[in-house]
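Some notes on the structure that comes next.
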Amino acid sequence: MLDTRKCDVCHNIGIFGKWYQLKTIMDQPGQNNCVSCRVKSLAVETLNSQELSVLQTNCAGARYRKGELIFRQGNLSSQITYVKTGLVKIHKQGPSREQILMLVKSPRFIGIPTILGNKIYQYSASAVESVEICCIDTDIFKTMILRNGKFANEIINGLCKDELRFFERSINQMQKQLHGRIADALLYFSEEIFESDDFIMPLSRAELGDFVHASRESVTRVLSALQRNGCIDIKGKKIHVLNHYLLQTISQKG
DNA sequence: GCATTAACCACAG
DNA sequence: CTGTGGTTAATGC
């Protein structure tokens with residue numbers, strides 16, 4: 001089933017269940033207008049004008065620069081955060097090392113499990129690129145879930161997709177060895193995050209290591225091995241996928 | 001045993 | 001922050 005509504009900003013057609021793309025115009029900082037917001041989530045789109053104005057008086061926008069912490073594991077959560085633009089990493093300190101659990105492409109809610117489950121953040125979120133977010137008051141958010149079934153439904157849809165994606169990634173991480181995991185990560189960036197064969201890797205080698213559960217040196221080695229066999233071309237942070245098929249094979253065979 | 005995989009350490013741009 | 005090389009421990013054939 002396709003949702004053929006067009007985004008009035010970038011004119012991309014939204015695929016059913018997927019947030020609209022947004023590549024340009026943002027609301028002015030500090031001047032929140034939920035009614036005219038260009039990056040409403042599917043959930044927020046189900047709200048009527050009265051609910052929207054309630055939302056508007058209970059949320060605030062903020063900007064974070066590359067590398068800044070949005071919230072920290074162990075802190076008390078006070079509001080739910082909606083990422084309007086930019087890329088965010090969800091990470092957690094494990095017993096031995098830091099692990100990047102997932103990358104979140106905007107626009108998207110983060111931190112819902114914390115609000116509805118444990119009040120203490122069980123993980124941290126940081127800006128990978130410069131990021132714009134909206135903070136919504138927890139109680140208002142909960143009230144909307146209780147009162148508005150459609151809103152709740154969209155929220156649940158989002159959480160389910162997250163979980164499925166996470167299961168998929170878990171299998172990859174657990175059953176593949178390094179070459180496969182890195183090939184996976186490259187495909188993930190190329191296909192899901194940037195939707196292009198040419199992109200600028202926003203993570204450092206060390207962060208990429210945290211993402212695929214490997215040391216920074218190993219990441220470097222595998223990357224240059226992939227370059228040697230003509231899979232990809234690397235110039236610093238610029239990555240060009242030359243042979244998608246080969247990359248997929250490596251990803252599948254581990 | 002020998003080969004492979006990947007982490008750790010050290011050093012150099 | 002990155003790339004390389006040497007070393008080492010674990011695992012597989």
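Lettering follows sequence order; numbering is per chain, from 1.
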The reported gap from CG in A:Leu208 to CG in A:Leu203 (rounded to nearest 0.5 angstrom) is 6.0 Å
List in chain and number order the residues that pass side-chain contact (heavy atoms from CB on, under 4.5 Å) with A:Leu187, two or more places apart in sequence or in another chain; answer none if no residue qualifies. A:Glu191, A:His244, A:Leu247, A:Gln248, A:Ser251
Check for me, please, whether A:Phe151 and A:Ile156 land in the same ILVMFWY cluster - side-chain distances under 4.5 Å, paths through other members count. no
Applying side-chain contact (heavy atoms from CB on, under 4.5 Å), can you list everything that pairs with A:Lys119, at least two apart in sequence or on another chain? A:Leu76
Answer yes when A:Arg63 and A:Glu132 have at least one side-chain N-carboxylate O distance shorter than 4.0 Å, and no when they do not. yes
May I have the distance from A:Leu208 (atom CG) to B:dA7 (atom P), rounded to whole angstrom? 13 Å
Could you tell me whether A:Tyr64 and A:Phe71 have their ring centroids closer than 6.0 angstrom? no
List, with names and distances, any nitrogen or oxygen atoms from the protein found under 3.5 Å away from nitrogen or oxygen atoms belonging to nucleotides 8-13 of chain B.
from, atom 1, to, atom 2, distance (Å)
B:dC9, N4, A:Glu217, OE2, 2.7

Check: A:Phe141 ring centroid to A:Tyr82 ring centroid under 6.0 Å: no
Rounded to whole Å, the CD1-P distance (A:Ile182 to B:dA6) equals 9 Å
Measure from NZ or CZ of A:Arg169 to the centre of the six-membered ring of A:Phe211 and say whether it is under 6.0 Å with the direction within 45° of the ring axis. yes
Roughly, in whole Å, what's the span from NZ in A:Lys176 to C1' in B:dT4? 20 Å
Figure out the CG/P separation between A:Asp210 and B:dA7, and round it to whole Å. 12 Å
Under 4.0 Å between a side-chain N/O of A:Ser204 and OP1 or OP2 of C:dC1, yes or no? no
What pairs of donor and acceptor atoms, side-chain ones from residues 92-104 of chain A against any protein atom, are under 3.5 angstrom apart with sequence neighbours left out?
from, atom 1, to, atom 2, distance (Å)
A:Lys92, NZ, A:Gln122, O, 2.8
A:Glu98, OE2, A:His91, ND1, 2.4
A:Gln99, NE2, A:Asp210, O, 3.1

Side chain of A:Gln177, heavy atoms from C-beta onward: which of C:dT4, B:dA7, B:dT5 has the nearest atom to it? B:dT5
For the pair made of CZ in A:Arg205 and C1' in B:dA7, what is the distance, rounded to whole Å? 18 Å
Distance check: side-chain N/O of A:Lys237 vs OP1/OP2 of C:dT2, anything under 4.0 Å? yes
Between C:dT2 atom C1' and A:Met201 atom CE, what is the distance in whole Å? 14 Å
Rounded to whole Å, how long is the line connecting atom CG of A:Leu226 with atom C1' of C:dG3? 15 Å
Bend of the helix from B:dG1-C:dC13 to B:dG13-C:dC1 from end-axis comparison, five pairs per end, nearest 10°, comes to 10°
Euclidean distance, A:Arg221 CZ relative to A:Arg205 CZ, rounded to 0.5 Å: 13.5 Å
Contacts under 3.5 Å, N or O only, protein and nucleotides 8-13 of chain C:
none

Quick one: A:Leu223 CG to C:dC1 C1', roughly how many Å, whole number? 14 Å
Take atom CZ in A:Arg165; do more than 12 heavy atoms of anything else shown fall under 6.0 Å from it? yes
